[in-house]
Amino acid sequence: MPHSIVLLPGDGIGPEVIAAARLVLDTVARRAGREIVIESCPIGGAALRQGLPPLPPATLAACQRADGVLLGAVGDPAFDHLPSSERPEGGLLGLRKGLGLYANLRPARIWPGCEGAGPLKPEVARGSDLLIVRELTGGLYFSEPRGIDRDRGVAFNTMRYSVGEIERIARVAFDAARRRRRLVTSVDKANVLETSQLWRAVVTRLASDYPEVTLQHMYVDACAMALVTSPSRFDVVLTENLFGDILSDEAAVIAGSIGLLPSASIGDGPGLFEPVHGSAPDIAGRDIANPIGAIASAAMLLEHSLGAVEEARAIDAAINRVLTEGHRTADLAGGGPHVSCSRMAELVAAALA
Ligand code: IPM
Ligand code: MN
């Protein structure tokens with residue numbers, strides 16, 4: 001049976017980086033003799049522009065049937081005036097909910113030669129290799145009640161977590177730590193929030209099932225600082241939805257560019273894989289985006305959804321080779337010579353040999 005992959009190019013630079021990832025996917029699959037069937041569907045602003053809702057029912061159905069889903073980005077300033085549920089972002093949130101994707105894995109590490117690419121001093125960034133495990137279907141993003149009462153001039157959201165929700169995401173983090181450097185840093189705001197107090201208690205209790213893993217707790221404000229002052233002290237960072245959203249953008253600074261970061265969203269059905277960078281409307285359509293986050297996301301899809309570990313490793317090795325040879329997209333070039341998005345994809349595909 002061929003594997004089925006759904007591509008959701010979406011908005012802004014999404015279509016460019018997905019075309020790049022597709023080239024690499026097709027190349028690696030062909031070499032491995034692996035048959036994959038690829039289908040593209042609209043989501044986000046791209047769907048709205050076709051007169052469809054941000055998550056068309058046909059798109060959700062295709063994703064539910066697929067082995068894995070690769071998404072570019074959603075977000076389009078043309079729709080910023082709409083209420084939350086009708087904005088492009090609603091498409092992504094609906095997909096997370098619809099596929100039950102409760103665990104978001106966001107690795108941030110230094111690729112070779114990129115130590116000086118970001119604003120951190122190379123000696124601070126060097127050796128950093130962390131994984132943010134972000135809870136993705138609870139917390140402030142999804143809990144009820146929520147709303148705006150325009151007559152009274154108030155708006156409200158709810159942060160709610162159940163023991164079951166905390167346990168299942170904590171297990172993802174502990175399992176990941178077992179395969180890594182065996183340290184989990186659980187991030188919360190337990191000095192203020194009841195949800196965090198429950199979070200801390202549940203994570204602490206669960207830790208006894210993983211005696212080989214060290215657990216530490218950190219407040220989110222302290223973690224935000226430590227991530228950029230001493231990033232190499234972290235292995236697995238476990239946190240709730242909104243904290244994880246914020247900290248994972250911050251962690252991009254460690255890697256040198258947000259364009260390098262892949263992510264995986266995992267539930268009980270098909271997984272969703274996407275670069276962390278978002279739609280970047282300011283550079284869309286110019287073929288200058290960094291496709292490596294999307295290409296590395298395709299590698300995560302191969303590994304997690306298709307069990308194609310060797311092909312995933314081959315893509316990582318190809319990215320490694322191309323960066324080691326000194327090829328850079330504009331975001332990493334510091335004003336120096338750089339290659340286009342599509343050229344970077346060709347280089348990675350060629351390096352698969
Ligand atoms: C992300 C994005 C999304 C989020 C938006 C687009 C809804 O920022 O994947 O981090 O906030 O989760
Ligand atoms: Mn985000």
Side-chain angles (χ1 to χ4, degrees), residues 8-15 17-18 42-48 53-55 59-60 63 69-108 130-143 146 157-159 161 165 169 187 220 223-224 227 237-255 257-267 271-282 284 289-290 293-294 296-297 300-301:
L8 306 174
D11 303 323
I13 59 172
V17 298
I18 288 300
I43 193 168
L48 290 166
L55 178 59
T59 295
L60 176 59
C63 293
V69 180
L70 185 64
L71 178 132
V74 297
D76 182 336
F79 302 106
D80 276 355
H81 61 284
L82 295 174
S84 309
S85 60
E86 293 161 40
R87 291 171 52 141
E89 289 82 354
L92 178 56
L93 297 172
L95 197 56
R96 289 175 182 167
K97 202 70 185 166
L99 295 178
L101 303 169
Y102 60 85
N104 185 212
L105 312 181
R106 296 191 162 179
L130 60 91
L131 174 68
I132 296 185
V133 176
R134 167 189 177 193
E135 199 291 325
L136 203 59
T137 50
L140 279 170
Y141 275 60
F142 289 100
S143 311
R146 64 187 295 162
N157 292 91
T158 303
M159 189 188 275
Y161 271 107
E165 285 173 307
I169 190 68
V187 176
V220 63
C223 178
L227 270 178
V237 175
L238 162 65
T239 193
E240 67 87 41
N241 203 344
L242 180 66
F243 297 161
D245 178 49
I246 298 167
L247 295 179
S248 59
D249 268 37
E250 194 193 359
V253 172
I254 303 164
S257 165
I258 196 165
L260 292 168
L261 266 67
S263 78
S265 301
I266 309 288
L272 171 71
F273 302 81
E274 54 177 312
V276 175
H277 52 59
S279 61
D282 52 323
N290 186 344
S297 299
M300 292 185 90
L301 183 155

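Ligands are counted one by one from 1 in listed order, and the atoms in each one are counted from 1 as well. Just the heavy atoms: all of them, side chains too, but no hydrogens, waters or symmetry mates, feed the values below.
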statement: Taken to the nearest 0.5 Å, the spacing of L92 CG from L136 CG works out to 7.5 Å

statement: Ordered by chain then number, the protein residues lying under 4.0 Å from ligand 1 by heavy atom are E89, R96, R106, R134, Y141, D245

side-chain contact (heavy atoms from CB on, under 4.5 Å) between F273 and I266, intermediate numbers included: CA-CA 9 Å; F273 302 81; I266 309 288; 4.3 Å; yes

field: Identified side chain to side chain donor-acceptor pair (under 3.5 Å) counterpart of E135 within the set Y141, Y161, Y102
entry: Y161

message: side-chain contact (heavy atoms from CB on, under 4.5 Å) for D249 and I258? Distances and angles first, verdict last.
response: CA-CA 7 Å; D249 268 37; I258 196 165; 4.0 Å; yes

Neighbouring protein N, O or S atoms of the Mn ion (ligand 2), below 2.8 Å: 1

message: side-chain contact (heavy atoms from CB on, under 4.5 Å), that's the test. Do L130 and L227 meet it? Break it down for me.
response: CA-CA 10 Å; L130 60 91; L227 270 178; 3.8 Å; yes

- request: Could you tell me the separation between the CG atom of L272 and the CG atom of N104, rounded to the nearest 0.5 Å?
  value: 8.5 Å

- request: Tell me, with the steps shown, if R134 and N241 meet side-chain contact (heavy atoms from CB on, under 4.5 Å).
  value: CA-CA 6 Å; R134 167 189 177 193; N241 203 344; 2.8 Å; yes

query: Taking atom CD of E240 and atom CG of L140, what is their separation to the nearest 0.5 Å?
result: 6.5 Å

- prompt: Counting distance only, does the side-chain N/O of S248 pair as donor-acceptor with the main-chain N or O of G244 below 3.5 Å?
  reply: yes

